[in-house]
Amino acid sequence: MAGVSSCMKYSMFIFNFLFWVCGCIILGVSIWLRVSKSAQADFQIDSTLFSGIDLLIAVGAIIMVLGFLGCCGAMKESQCMLLLFFIGLLAILLLQIVAGILGAVYKSQIEQALDSTMKVNLDALKGSSQSDKDFQTAFHNFEIQYKCCGLENGKSDWGGNSIGCACDKADEATDVCKNNLYTKVLGLVFSMSLYCQIQRK
């Protein structure tokens with residue numbers, strides 16, 4: 001029994017040490033992104049993303065604290081530290097359950113918001129206003145960068161715009177290009193993030 005207890009103690013220490021290291025990395029990178037102007041410029045981060053970075057700082061701090069409590073609690077066999085560690089894990093589990101329930105309850109609203117955003121994007125690809133043309137140029141640059149075509153249905157997303165899905169000359173003889181058009185559709189989630197990046201520029 002002593003061997004099993006010792007094995008469990010060191011296994012828990014190693015797991016929580018890795019947990020603590022991950023928390024330190026998340027916290028350190030998040031703080032760096034929050035305070036470094038050069039990093040914000042490199043990653044095109046503006047004030048609209050600060051709330052997300054602040055959330056990462058909080059998550060990193062919580063993971064780091066829980067990892068510390070788990071490590072020290074396991075090595076010192078401290079009931080108080082282990083109790084705090086398991087309370088923290090239980091709280092995270094409960095929050096995940098609540099988030100899952102809210103996601104199920106508001107699923108239709110989330111889908112409606114995504115569909116609405118997708119429609120705005122598709123209209124912008126087919127539009128003729130100056131802002132639409134700016135969006136089309138920026139989006140086509142993303143198509144070249146990620147070697148993809150359109151948001152949902154490929155070339156048809158662009159309507160009659162000839163710019164859509166056109167392959168870069170360097171890609172014309174490769175598998176990603178067929179009849180001088182990219183073949184891979186970008187996809188909903190990825191296209192949303194790219195759309196947000198384009199709108200911030």
Side-chain angles (χ1 to χ4, degrees), residues 26 29-60 95-201:
I26 293 171
V29 170
S30 302
I31 292 174
W32 173 62
L33 290 174
R34 188 68 171 81
V35 301
S36 173
K37 299 295 184 185
S38 61
Q40 291 169 12
D42 290 341
F43 292 98
Q44 299 179 351
I45 296 171
D46 57 23
S47 57
T48 60
L49 295 179
F50 284 170
S51 57
I53 294 175
D54 292 340
L55 178 62
L56 279 177
I57 291 173
V59 168
L95 287 173
Q96 289 179 333
I97 292 172
V98 169
I101 292 171
L102 289 175
V105 170
Y106 294 104
K107 180 181 178 182
S108 60
Q109 288 92 324
I110 294 170
E111 289 177 347
Q112 186 177 2
L114 286 173
D115 289 342
S116 175
T117 306
M118 178 63 83
K119 185 178 185 306
V120 171
N121 296 355
L122 291 171
D123 289 343
L125 287 180
K126 297 173 183 176
S128 58
S129 68
Q130 186 57 48
S131 61
D132 289 340
K133 289 180 180 178
D134 292 340
F135 173 74
Q136 291 162 13
T137 301
F139 190 81
H140 183 56
N141 289 334
F142 279 114
E143 287 185 326
I144 293 172
Q145 181 179 354
Y146 294 102
K147 306 185 189 320
C148 55
C149 175
L151 291 168
E152 189 175 32
N153 300 310
K155 174 63 177 173
S156 61
D157 294 341
W158 284 87
N161 290 330
S162 59
I163 185 177
C165 300
C167 294
D168 188 54
K169 288 185 178 180
D171 297 323
E172 287 180 357
T174 64
D175 294 337
V176 299
C177 189
K178 184 177 181 181
N179 298 326
N180 293 329
L181 297 176
Y182 290 112
T183 56
K184 182 180 71 174
V185 177
L186 191 57
L188 175 62
V189 175
F190 196 40
S191 67
M192 294 299 103
S193 68
L194 293 185
Y195 175 76
C196 292
Q197 290 180 46
I198 292 169
Q199 292 296 85
R200 289 200 306 271
K201 290 182 178 179

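- No side-chain donor from either of Q136 and D132 sits under 3.5 Å from a side-chain acceptor of the other.
- The minimum heavy-atom distance linking E172 with C177 is given by the pair CA-SG, 3.9 Å.
- The aromatic rings of W158 and F139 lie tilted to each other, with the angle between the two planes from 30° to 60°.
- Applying the side-chain contact (heavy atoms from CB on, under 4.5 Å) test to D168 and every residue at least two apart in sequence or in another chain returns I144, A170, D171, Y182.
- Annotation: the span from C149 atom SG to H140 atom NE2 amounts to 9.5 Å, rounded to 0.5 Å.
- Among residues two or more places apart in sequence or in another chain, the side-chain contact (heavy atoms from CB on, under 4.5 Å) test is passed with T137 by N141.
- To the nearest 0.5 Å, the span separating OG on S30 from CG on D54 amounts to 9.0 Å.
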